[in-house]
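Report on one structure; see the data block that follows.
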Number of protein chains: 2
Amino acid sequence: MFSKSCQYAIRAVIYLTAHGREGQNTGVKEIAEALQVPQQFLAKILQELVRHHLLSSVKGPNGGFFLSEKNLKMSLLEVVECIDGKAVLTSCVLGLPQCSGVNPCPLHHQFVTCREGMREMLVNKKITEISADLLPQVSRF
Amino acid sequence: MFSKSCQYAIRAVIYLTAHGREGQNTGVKEIAEALQVPQQFLAKILQELVRHHLLSSVKGPNGGFFLSEKNLKMSLLEVVECIDGKAVLTSCVLGLPQCSGVNPCPLHHQFVTCREGMREMLVNKKITEISADLLPQVSRF
DNA sequence: GAAGTTCATGTTTTCAAAATCCTGTCAGTA
DNA sequence: TACTGACAGGATTTTGAAAACATGAACTTC
Ligand code: FES
Ligand code: FES
């Protein structure tokens, strides 16, 4: 469904909503260890999110990543589309070059229902809401 | 979502339900050309389906692949699970090692709904029913 | 302002999926 | 039997995601 990069990105963001202390930055090292994910690889992904203004960072000692007020308003959908591209939620389940109702593949009509449900989930799960859920699970392994 | 191998497999099976002439076998060449898919690679995939008795074949001149009465009763889910493994429809959307309600990730509850919808689709779409749909689209490219 | 910490970025390596190559096997035909 | 057409299957190459490596740039503290 989602690429590994994307899964790492989502888990990292969720981790930050749950464990990001107020006014205190969280380093890649801590996140990577908590999520049991390759640190250098995760760093690349977080940088991508920062470039797209979905995440904030500060350099230097006591630096790290954090979610600004603005960041907290974003949905997971934006994270997914940033890492995996918009196509993940618009492309044909059978890999056909175009996906639309005008020239649908045999599975199209039923598949779009699933896909929209997925989009729904990613949009409704505002980053800020997630911490309300049972959250230690992102770092489960 | 599904691997390329799996997409090819589904499209090939759908193609056979639509274009498989009665009592006449269809060669890999024809299928591969219709689907615009690498022939040798598709051959491998079809062989895998034959090994799992989801598809039938005969060797020699005028040989090829076809769907037996028994094959026609199978669902696309069996095709998917044969190629991509059962895990595709049971694994965690965030890539966590286990997926179940007892220790769910933050997206679990909403995700299982989508996933079950997907399974539903693959089970209900009996191979024999599909040809009723608008079918030339599998070979669109 | 020197040293150390942490994010940023470009390059390289690893690995598995995707694709190709090549030979074997079986069945039909003459 | 010999020949040909098609599937079967092992071995190899290609490709791209995933991961690791190495270096640079910004910031803090002393
Ligand atoms: S055309 Fe295949 S899912 Fe839309
Ligand atoms: S635990 Fe993540 S989807 Fe079930």
Side-chain angles (χ1 to χ4, degrees), chain A residues 1-12 16 20-21 23-33 35-68 71 80 82-85 87-88 94-95, chain B residues 1-12 16 20-21 23-33 35-68 71 80 82-85 87-88 94-95:
Chain A
M1 183 74 242
F2 299 134
S3 71
K4 234 161 192 174
S5 304
C6 192
Q7 296 176 334
Y8 292 169
I10 298 173
R11 291 173 63 197
L16 280 176
R21 274 86 53 201
Q24 193 177 352
N25 305 316
T26 312
V28 202
K29 191 152 184 274
E30 177 186 332
I31 306 178
E33 280 174 359
L35 268 49
Q36 287 283 312
V37 146
Q39 175 176 337
Q40 311 256 34
F41 187 42
L42 180 61
K44 281 270 160 64
I45 297 165
L46 296 185
Q47 283 156 28
E48 191 69 21
L49 293 178
V50 170
R51 259 196 296 278
H52 286 74
H53 310 103
L54 296 172
L55 183 61
S56 310
S57 68
V58 295
K59 292 183 179 178
N62 301 317
F65 297 89
F66 69 100
L67 290 162
S68 69
N71 297 149
V80 169
C82 171
I83 302 298
D84 274 359
V88 277
L94 295 185
Chain B
M1 182 76 241
F2 300 135
S3 72
K4 234 159 191 176
S5 304
C6 192
Q7 296 176 334
Y8 293 167
I10 298 174
R11 290 174 63 197
L16 280 175
R21 274 85 54 200
Q24 192 177 350
N25 305 317
T26 311
V28 202
K29 193 154 182 275
E30 176 186 332
I31 307 178
E33 281 173 0
L35 268 51
Q36 288 282 313
V37 147
Q39 174 174 338
Q40 310 258 33
F41 187 43
L42 179 62
K44 281 274 159 65
I45 297 166
L46 296 185
Q47 284 160 29
E48 192 69 23
L49 292 179
V50 170
R51 260 196 297 276
H52 286 75
H53 309 103
L54 297 174
L55 183 61
S56 310
S57 69
V58 297
K59 291 184 179 179
N62 303 317
F65 297 89
F66 69 101
L67 290 162
S68 71
N71 297 149
V80 169
C82 171
I83 302 297
D84 274 359
V88 278
L94 295 185

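Just so we're on the same page: letters track the sequence lines, and every chain starts at 1.
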Item to complete: Find which nucleotide of DNA chain D each of A/G60 and A/F41 is nearest to by heavy atoms, and output the residue with the more 5' nucleotide.
Response: A/F41
Worksheet item: B/P38 side chain: which of C/dT9, D/dA19, C/dT20 is closest?
Response: C/dT20
Discussion item. What is the separation between atom CG on A/L42 and atom P on D/dA20, rounded to the nearest whole Å?
Written reply: 12 Å
Worksheet, complete the sentence: Rounded to the nearest 0.5 angstrom, the CG-CG distance for A/L16 and A/N71 is 9.5 Å
Practice prompt. Can you tell me the distance, in whole Å, between the CZ atom of B/R51 and the C1' atom of D/dG9?
Written response: 8 Å
Practice prompt. Measure from the side chain of A/K59, starting at C-beta and using heavy atoms only, and say which of D/dA19, C/dA19, D/dA25 lies closest.
Written response: D/dA25
Fill in: Spacing of CG belonging to A/L35 relative to CD belonging to A/E30, to within rounding of 0.5 Å
10.5 Å
Worksheet item: If you measure from CG on B/L46 to CG on B/L54, what distance do you get to the nearest 0.5 Å?
Response: 11.5 Å
Worksheet item: B/Q47 has an atom CD; how far is it from atom C1' of C/dC26, in whole Å?
Response: 13 Å
Worksheet entry | Nucleotide D/dA6, atom C1' - distance to CD of B/Q24 in whole Å | 14 Å
Worksheet, complete the sentence: Quick note, B/K4 side chain, CB onward, closest among C/dA18, D/dC27, D/dA8 is C/dA18
Discussion item. Rounded to the nearest 0.5 Å, what separates atom CZ in A/F66 from atom OG in A/S56?
Written reply: 4.0 Å
Practice prompt. For the side chain of A/P61, starting at C-beta, report the closest nucleotide among C/dA19, D/dT28, D/dA8.
Written response: D/dT28
Discussion item. By nearest atom, which of the nucleotides C/dA8, D/dT29, D/dA8 is closest to the A/N62 side chain?
Written reply: D/dT29
Item to complete: Output the single nucleotide from C/dA27, D/dC27, D/dC21 whose closest atom is nearest the side chain of A/Q40.
Response: D/dC21
Fill in: Whole angstrom value for the distance that separates P of C/dT9 from CD1 of A/I45
15 Å
Discussion item. Under 4.0 Å from OP1 or OP2 of C/dA18: is there any side-chain N or O of B/Y8 that close?
Written reply: no
Fill in: Whole-Å distance separating the CD atom of A/E48 from the P atom of C/dG10
11 Å
Discussion item. Let me spell it out: for each of A/V58 and B/G63, pick the nucleotide of DNA chain D with the closest heavy atom. Which residue's pick is nearer the 5' end?
Written reply: B/G63
Item to complete: For B/K44, answer base if it contacts any base atom (sugar-phosphate contacts may also be present), sugar-phosphate if it contacts only those atoms, and nothing otherwise; contact means non-hydrogen atoms under 4.0 Å.
Response: base
Worksheet entry | Atom-to-atom span, CD of A/Q39 to C1' of D/dA20 - whole angstrom | 11 Å
Worksheet item: Hey, is the side chain of A/S57 poking within less than 4.0 Å of OP1 or OP2 on C/dA8, counting only N and O atoms?
Response: yes
Fill in: Note: A/E48-A/K44 ion pair, threshold 4.0 Å (strictly below)
no
Item to complete: Find the distance B/L55:CG to D/dC7:C1' and express it as a whole number of Å.
Response: 11 Å
